[in-house]
Amino acid sequence: MIKIENLKLSFGDHEVLRGIDLTIEKGQVMVIIGPSGSGKTTLLRSVNLLEHPTEGMLSIGSSRLDFTPQTKPNAADVLAFRRQTGMVFQSYNLFPHRTALQNVMEAQVIVQKKPKTEARIKSMELLRKVGLEKKADSFPHQLSGGQQQRVGIARAMGTDPALLLFDEPTSALDPELVGEVLKVIKELAGEGMTMVIVTHEMKFARDVADQVVFMDNGVIVEQGTPEQVIERPNHERTRLFLSRLN
Ligand code: ADP
């Protein structure tokens with residue numbers, strides 16, 4: 001189980017996360033929706049410790065980090081926590097001069113210190129899983145956006161994270177490539193992977209989410225099942241947001 005308590009984060013004077021509380025059960029898929037600038041990316045980056053919260057608490061399993069304005073958690077604890085999360089970025093962020101296979105192997109070899117042969121076997125399995133076994137030796141520029149993103153997903157899975165975070169994984173893709181990426185994410189959901197996904201794809205959100213969270217201006221406005229939040233939102237801000245998407 002993953003817990004986020006009273007998480008706050010400011011960039012200078014600008015408070016971007018203003019006290020976020022969320023619980024994600026093992027095997028659950030949480031979809032976060034909300035207007036641009038509401039803090040969705042910052043929240044994911046905080047859980048992945050790419051940003052350092054100003055206040056609050058994060059826990060995954062037995063690993064716990066407390067943040068206060070005066071103290072930072074020690075670096076070893078941060079690293080141990082980060083290793084339990086994997087992130088899939090909007091713009092893929094693959095290493096351009098490494099093949100698909102090398103991209104998937106990288107963190108396993110460098111971060112996890114896994115022997116190369118073992119990492120290679122696992123990475124080929126993951127590339128097979130995302131339908132890209134035949135593209136193992138291709139470089140990112142030889143792949144379509146959808147294929148690059150599927151490599152990104154395989155890479156994030158390489159270190160066996162307890163939690164996978166997706167930051168608008170299809171928003172950089174041409175419309176005809178969105179489906180292949182969503183299909184892979186749906187398959188992972190079906191296998192019981194715990195995931196938090198920021199997306200504007202409402203049909204996908206309805207299909208895949210156990211919980212939908214609507215964020216605006218650094219706070220959670222409402223959360224519930226997809227039916228509750230997307231079909232029958234309680235708050236005017238949610239209704240307005242959803243009506244603008246259509
Ligand atoms: P969303 O993902 O919902 O579009 P973001 O988390 O990207 O929102 O951004 C929330 C707010 O934080 C925005 O006002 C944005 O300009 C600001 N912000 C994000 N990253 C930084 C940063 N590194 N430095 C300063 N401000 C930032």
Side-chain angles (χ1 to χ4, degrees), residues 2-24 29-58 65 67-69 72-73 75 78 81-82 85-93 145 149 152-153 156 161 163-173 175 178 181-182 185 194-206 208-209 211-224 226 229-230 233-246:
I2 292 105
K3 262 186 180 290
I4 300 171
E5 274 176 23
N6 191 30
L7 204 72
K8 295 185 181 173
L9 190 145
S10 299
F11 292 113
D13 290 343
H14 184 188
E15 196 173 32
V16 172
L17 300 179
R18 301 190 296 136
I20 301 287
D21 292 287
L22 286 173
T23 300
I24 306 140
V29 177
M30 177 178 282
V31 166
I32 302 181
I33 61 174
S36 179
S38 56
K40 305 178 301 294
T41 295
T42 305
L43 175 60
L44 287 194
R45 290 175 60 84
S46 299
V47 176
N48 194 224
L49 281 316
L50 291 170
E51 305 290 352
H52 287 268
T54 335
E55 245 183 278
M57 191 283 297
L58 290 172
L65 297 176
F67 304 89
T68 70
K72 284 188 176 161
V78 167
F81 190 96
R82 181 182 287 150
T85 68
M87 180 105 161
V88 176
F89 299 90
Q90 185 174 352
S91 48
Y92 335 127
N93 294 12
Q149 190 57 300
I153 295 171
L163 175 67
L164 263 189
L165 305 160
F166 293 82
D167 187 12
E168 297 195 32
T170 61
S171 60
L173 297 175
V178 168
V181 172
L182 297 183
I185 301 174
T194 313
M195 306 196 273
V196 178
I197 306 168
V198 172
T199 185
H200 293 292
E201 299 280 344
M202 288 304 131
K203 184 180 174 311
F204 169 71
R206 266 195 296 262
V208 82
Q211 276 194 82
V212 174
V213 172
F214 175 69
M215 259 181 92
D216 195 11
N217 200 16
V219 296
I220 291 170
V221 175
E222 66 179 294
Q223 72 182 99
V229 178
I230 300 174
N234 284 321
H235 290 260
E236 188 50 37
R237 277 197 277 175
T238 318
R239 276 195 281 276
L240 193 63
F241 169 74
L242 290 167
S243 71
R244 283 182 181 153
L245 284 184
N246 298 319

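Whatever order the structure lists ligands and atoms in, that order sets their numbers, starting from 1. Bear in mind the structure is a predicted one, so any value in this text is a computation, not a measurement.
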Report task. Would you mind reporting whether L9 and F67 have side-chain heavy atoms less than 4.5 Å apart? Result -> no

Query raised in the report: Taking the non-hydrogen atoms of S36, is any one of them nearer than 4.0 angstrom to ligand 1?
Result: yes

**Report entry** Taking atom 7 (O) of ligand 1 as the reference point, the nearest protein heavy atom with its distance
**Finding:** T41 CB, 3.6 Å

Requested in this report: Kindly say whether T170 contributes a backbone atom to a donor-acceptor pair with the side chain of E201 at under 3.5 angstrom?
Outcome: no

Query raised in the report: Which protein non-hydrogen atom lies closest to atom 8 (O) of ligand 1, naming both residue and atom, and how far is it?
Result: G39 N, 3.1 Å

Requested in this report: Considering the heavy atoms of S38, write down every atom of ligand 1 situated less than 4.0 Å from one of them.
Outcome: 1 (P), 3 (O), 8 (O)

**Report entry** Under-4.0 Å heavy-atom contact between protein and atom 10 (C) of ligand 1
**Finding:** yes

Query - Any side-chain heavy-atom pair of I33 and L245 under 4.5 Å - result: no

Query raised in the report: Considering all heavy atoms of both residues, which atom of N48 and which atom of R82 are nearest to each other, and what is their separation?
Result: O-NE, 3.0 Å

Query raised in the report: Do the side chain of R45 and the main chain of E51 share a donor and acceptor less than 3.5 angstrom apart?
Result: no

**Report entry** N/O donor-acceptor pair under 3.5 Å between S46 side chain and P53 backbone
**Finding:** no

Query raised in the report: Is there a donor-acceptor pair closer than 3.5 Å between any side-chain N or O of N217 and the backbone N or O of S38?
Result: no

Requested in this report: Output yes when a protein non-hydrogen atom is found under 4.0 Å of atom 4 (O) of ligand 1, and no otherwise.
Outcome: yes

**Report entry** Heavy atom of the protein closest to atom 6 (O) of ligand 1 (residue, atom name, distance)
**Finding:** T42 OG1, 2.5 Å

Report summary line: Note: ligand 1 atoms sitting under 4.0 Å from heavy atoms of H14 are 14 (O)

Query - Region of M215 engaging ligand 1 - heavy atom pairs below 4.0 Å - result: neither

Query raised in the report: Short N/O distance, under 3.5 Å, between K40 and ligand 1?
Result: yes

Query raised in the report: Any idea which atoms of ligand 1 are less than 4.0 Å away from a heavy-atom of V16?
Result: 10 (C), 11 (C), 12 (O)

Query raised in the report: Mind checking whether P35 has a heavy atom under 4.0 Å from ligand 1?
Result: yes

Report summary line: The protein heavy atom nearest to atom 1 (P) of ligand 1 is G37 N, 3.4 Å

Report summary line: To the nearest 0.5 Å, atom CD1 of I20 lies from atom NZ of K40 at 11.5 Å

Query raised in the report: Would you find a donor on one side and an acceptor on the other, under 3.5 Å apart, between the side chain of Q149 and the backbone of F89?
Result: yes

Report task. May I ask you to check if ligand 1 and F11 share an N or O to N or O distance below 3.5 Å? Result -> no

